[in-house]
2 protein chains.
Amino acid sequence: MSEPRTDPSEIRRTITAAIRSSLIAKGHATKAELSRSLSLSFPTISKFVSLMEKEGELRSIGLDDSSGGRRAGRYAYNPDFMLGLAVYLEKEETRYSVFDCMGEAREEGIAPSVLTEGIGALQLQVEELMAKYPRMRSLAIGVPGSVKNGKIGYIPGYGRYEGLELKAYFEERLQIPVRVENDMNAAVLGFAAKADEAESASLVYLYFGNNGPGAGIMANGTILRGNTSFSGEISFVPMDGQRNFGQALQERGFLDGRTLDEVHVDAVARLVAAFTVILNPKRIVFCDSEADEALLERIGQRSRSYVPLEHLPELVHSHWPSDYLGGLKTLSLEAMISQDLFSSRTEG
Amino acid sequence: MSEPRTDPSEIRRTITAAIRSSLIAKGHATKAELSRSLSLSFPTISKFVSLMEKEGELRSIGLDDSSGGRRAGRYAYNPDFMLGLAVYLEKEETRYSVFDCMGEAREEGIAPSVLTEGIGALQLQVEELMAKYPRMRSLAIGVPGSVKNGKIGYIPGYGRYEGLELKAYFEERLQIPVRVENDMNAAVLGFAAKADEAESASLVYLYFGNNGPGAGIMANGTILRGNTSFSGEISFVPMDGQRNFGQALQERGFLDGRTLDEVHVDAVARLVAAFTVILNPKRIVFCDSEADEALLERIGQRSRSYVPLEHLPELVHSHWPSDYLGGLKTLSLEAMISQDLFSSRTEG
DNA sequence: CCAACTTAGTAAACGTGTTTAAAAAGTTAG
DNA sequence: CTAACTTTTTAAACACGTTTACTAAGTTGG
């Protein structure tokens with residue numbers, strides 16, 4: 001009961017997106033290269049590339065050296081053509097980043113938090129940036145709560161955002177595609193994009209914060225949300241006796257901005273084992289502010305008492321804020337890339 | 001870097017598959033209905049349907065009553081056009097089922113086990129059935145071991161099958177599409193198909209056998225295999241103290257064909273909690289031979305001490321053998337449906 | 001029973017990606 | 001520096017789903 005998509009505008013959109021994606025990933029390419037890598041005929045690629053160049057989206061960057069015949073023209077994506085905006089809402093502040101398709105930041109900044117103020121304040125901040133950057137073409141919003149289809153679910157401590165259709169709200173008002181995602185899920189997306197993981201990879205991003213631990217989970221290349229958006233609430237994993245993981249972390253006094261204490265190694269190892277047995281991920285990522293190399297080594301060691309070594313995921317650490325932002329950029333970029341060039345051409 | 005599929009033969013295959021799928025699901029339809037539900041133009045549907053009728057794949061079943069205008073011709077899928085074969089390898093025997101696109105069994109039977117004999121014996125059994133049913137168009141094989149891309153991985157106790165490219169082996173020799181799947185994964189697919197789960201559903205199928213427990217896991221609509229095909233080896237989930245789930249089941253003497261003992265309720269509840277926290281599935285399915293309604297109620301009760309009630313999955317039981325077979329049928333049917341009508345037309 | 005209306009199906013024109021043929025632009029050997 | 005060869009690009013013919021116009025077949029009211 002799947003719907004084949006054979007309408008011309010859909011095909012055109014797909015081809016445009018493929019060219020954009022390929023050109024941005026590779027940096028530059030010739031028409032022949034695109035034709036080969038995208039499995040589209042040369043004339044089709046030629047038509048699209050020429051049109052996109054005329055629109056200013058692509059730039060010719062000269063001719064290749066000859067490889068035995070006529071020299072090929074080489075094209076690059078024009079990074080000024082479209083910009084993206086990533087906004088992440090935090091307790092104390094709202095952070096934002098304006099960036100181009102190469103991921104280069106054009107402007108980054110911190111604004112007052114809107115979590116207590118409501119959506120109007122956020123809308124003002126976004127509209128200000130859109131006015132300043134008229135080529136803004138997509139928006140990604142990261143929030144510290146559960147999200148499903150652009151709608152905010154449970155968001156502890158910020159009741160006025162609960163149940164809000166954030167994606168629909170901004171798409172209607174801004175007329176650009178909007179993506180909304182939970183912070184941990186964005187981080188796991190960002191890490192996967194950075195690490196250039198295979199499309200079907202499974203990956204877990206762990207965070208042990210002051211507001212209780214959480215995990216972002218990617219399985220078979222997609223973000224796991226679960227039936228009631230409860231996926232990743234690892235605080236409830238049963239441990240020894242009647243304790244759960246959250247309680248185990250707090251016992252013997254848990255961190256306040258400090259590194260994850262070594263006394264919690266066993267609790268984390270049990271968690272790692274549970275993930276291994278259920279998801280069998282390729283990697284589990286820790287925040288580098290919470291776990292260093294030595295600690296990961298100890299956790300890995302301990303995990304081996306629960307699960308055979310050959311099935312244990314690689315335990316790595318990474319910079320959480322960068323991955324979070326990277327994930328939002330990835331989401332924004334995907335939305336940007338799949339836009340139809342001809343749908344809303346109001347400007348000359 | 002995705003590859004747009006614009007080649008004519010691919011589009012034709014997609015359209016044919018969509019018509020088959022829709023017609024089989026609905027039982028019958030008119031051209032206009034198909035055109036609407038598949039979002040394809042009437043002339044295209046008309047062309048395909050007429051051709052498929054001429055080939056004998058569809059049958060006209062008369063005219064509808066008029067709904068105010070010319071009466072519409074109604075078409076049904078011919079269940080004799082293609083047959084599927086499901087084979088599942090077990091220790092003591094090989095079971096098989098020949099069935100049509102409606103899932104109706106045409107022949108079912110038991111043959112000697114080939115797990116100790118090797119692949120040659122299996123090939124003979126299959127070829128015999130193919131000779132008897134010349135309209136056999138796809139084969140699904142279920143095995144009690146891990147499978148990835150049609151290749152058998154770890155299969156405890158049957159070393160001669162380990163590492164075998166089962167799918168490639170039979171596709172080459174039989175010239176029909178072949179699917180190979182692990183038994184628990186097939187069961188979860190079968191249950192999902194039967195229960196008509198949403199495409200993005202998460203589902204876990206639990207089994208506590210004599211050879212140790214296992215789980216089939218579906219997340220976001222796809223089967224979870226994991227990085228080293230270790231997903232579902234729930235025997236290793238850490239429990240109280242230094243025990244794991246497998247050991248907890250065996251302590252105090254575990255079942256021999258008997259119902260899951262009530263003394264293991266806490267162990268299962270901890271397992272349920274782990275799944276809830278990581279996958280947050282909609283349902284967890286137990287074999288009805290291992291757990292009855294009353295026991296599920298007790299497990300559910302106990303689980304609530306670990307995880308908030310509103311996030312707990314529904315605990316249900318189902319007939320494992322039926323679900324296993326159903327999953328293989330689903331796989332076989334999918335392969336059948338997506339075949340190109342014109343690729344290998346040797347017969348008149 | 002015939003005019004007006006409704007729904008199903010067919011035929012021709014159209015749009016768009018592909019295939020095939022030809023031209024353009026370069027390299028290399030003698 | 002020209003003949004033979006490569007590779008890139010353009011142009012024309014083709015294939016196939018869609019759109020549009022039209023024909024077929026049925027209903028209903030006067």
Side-chain angles (χ1 to χ4, degrees), chain A residues 2-20 22-23 28-54 58 60-76 340-343, chain B residues 2-20 22-23 28-54 58 60-76 340-343:
Chain A
S2 64
E3 296 217 358
R5 307 231 54 87
T6 52
D7 35 321
S9 72
E10 186 65 25
I11 293 181
R12 202 178 53 205
R13 215 174 52 78
T14 310
I15 294 178
T16 314
I19 294 176
R20 282 179 182 140
S22 191
L23 222 40
H28 46 76
T30 68
K31 290 173 175 177
E33 283 167 9
L34 288 172
S35 165
R36 277 191 295 272
S37 72
L38 301 179
S39 303
L40 291 164
S41 72
F42 188 95
T44 297
I45 292 290
S46 185
K47 203 181 77 177
F48 275 81
V49 166
S50 303
L51 186 61
M52 288 165 84
E53 188 191 8
K54 198 181 307 177
L58 304 185
S60 167
I61 56 170
L63 300 173
D64 268 22
D65 287 345
S66 170
S67 60
R70 175 171 172 177
R71 298 167 67 189
R74 187 161 285 275
Y75 298 84
D340 192 340
L341 183 60
F342 311 94
S343 65
Chain B
S2 63
E3 295 215 358
R5 306 230 54 86
T6 51
D7 34 322
S9 73
E10 186 64 24
I11 292 181
R12 203 179 52 204
R13 217 175 51 76
T14 310
I15 294 178
T16 314
I19 293 177
R20 283 179 181 139
S22 191
L23 222 39
H28 46 76
T30 67
K31 290 173 176 176
E33 283 167 11
L34 288 172
S35 165
R36 278 191 295 272
S37 72
L38 302 179
S39 303
L40 291 165
S41 70
F42 188 97
T44 297
I45 293 289
S46 186
K47 202 181 75 178
F48 275 80
V49 166
S50 303
L51 187 61
M52 289 166 83
E53 189 191 7
K54 198 181 304 176
L58 304 185
S60 167
I61 57 169
L63 299 174
D64 269 22
D65 287 345
S66 168
S67 59
R70 176 173 172 175
R71 297 167 69 190
R74 187 160 285 275
Y75 298 83
D340 192 340
L341 184 58
F342 312 92
S343 62

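Worth knowing before you read on, the calculation uses all heavy atoms, side chains too, and leaves out hydrogens, waters and symmetry mates. Proteins come first, then strands; the chains are lettered A, B, ... in the order of their sequence lines, and each starts at number 1.
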Quiz item: Between OG of B/Ser9 and CG of B/Asp340, what distance do you get to the nearest 0.5 Å?
Solution: 6.5 Å

Quiz item: Among all residues two or more places apart in sequence or in another chain, which pass the salt bridge (Lys or Arg N to Asp or Glu O under 4.0 Å) test with B/Arg5?
Solution: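 Listed in chain order: B/Asp7.
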
Quiz prompt | With sequence neighbours excluded, residues passing salt bridge (Lys or Arg N to Asp or Glu O under 4.0 Å) with B/Arg70 | solution =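 Scan of B/Arg70 (salt bridge (Lys or Arg N to Asp or Glu O under 4.0 Å), adjacent residues dropped) gives none.
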
Quiz prompt | A/Ile61: partners by side chain to side chain contact (heavy atoms under 4.5 Å, CB included), with sequence neighbours left out | solution =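 In terms of side chain to side chain contact (heavy atoms under 4.5 Å, CB included), with neighbours along the sequence ignored, A/Ile61 is linked to A/His28, A/Arg74, A/Ala76.
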
Practice problem: Using modelled atom types only, decide if a donor and an acceptor are shared between the side chain of A/Ser60 and the backbone of A/Tyr75 within a distance under 3.5 Å. | Solution: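 Side chain of A/Ser60 to backbone of A/Tyr75: no pair is present.
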
Exercise. Anything under 4.0 Å to a heavy atom of chain A counts; send over the first and last such nucleotide of DNA chain C, read 5' to 3'.
Key: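 Contact span on the strand: C/dT16 to C/dT27.
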
Quiz item: Residues two or more places apart in sequence or in another chain: which of them pass side chain to side chain donor-acceptor pair (under 3.5 Å) with B/Ser39?
Solution: A/Glu3

Exercise. Sequence neighbours left out, what passes side chain to side chain donor-acceptor pair (under 3.5 Å) with B/Ser66? Give chain and number order.
Key: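 If we apply the side chain to side chain donor-acceptor pair (under 3.5 Å) test to B/Ser66, skipping adjacent residues, there are no hits.
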
Self-check item: Basic-acidic side-chain contact under 4.0 Å: B/Arg13, B/Glu10
Solution: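 Between B/Glu10 and B/Arg13 there is a salt bridge, with a charged N closer than 4.0 Å to a carboxylate O.
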
Practice problem: With B/Thr6 as reference, evaluate A/Ile11, A/Leu38, A/Thr14 under the side chain to side chain contact (heavy atoms under 4.5 Å, CB included) test and give the passing residue. | Solution: A/Ile11

Polar atoms only, N or O, under 3.5 Å: list the protein pairs with nucleotides 13-20 of chain D and their distances.
{"residue": "D/dG17", "atom": "OP2", "partner": "B/Lys47", "partner atom": "NZ", "Å": "2.9"}
{"residue": "D/dG17", "atom": "O3'", "partner": "A/Thr6", "partner atom": "OG1", "Å": "3.4"}
{"residue": "D/dT18", "atom": "OP1", "partner": "A/Thr6", "partner atom": "OG1", "Å": "3.0"}
{"residue": "D/dT18", "atom": "OP2", "partner": "B/Ser41", "partner atom": "N", "Å": "3.1"}
{"residue": "D/dT18", "atom": "OP2", "partner": "B/Ser41", "partner atom": "OG", "Å": "2.6"}
{"residue": "D/dT18", "atom": "OP2", "partner": "B/Thr44", "partner atom": "OG1", "Å": "2.6"}

Name the atoms and distances for all side-chain donor-acceptor pairs under 3.5 Å in residues 44-53 of chain A, with sequence neighbours left out.
{"residue": "A/Thr44", "atom": "OG1", "partner": "A/Ser41", "partner atom": "OG", "Å": "3.0"}
{"residue": "A/Ser46", "atom": "OG", "partner": "A/Lys31", "partner atom": "NZ", "Å": "3.2"}
{"residue": "A/Ser50", "atom": "OG", "partner": "A/Ser46", "partner atom": "O", "Å": "2.7"}

Exercise. Go along nucleotides 25-30 of chain D 5' to 3' and tag each nucleotide: B for a protein heavy atom under 4.0 Å from its base, S when only backbone or sugar atoms are that close, - otherwise.
Key: BBS---

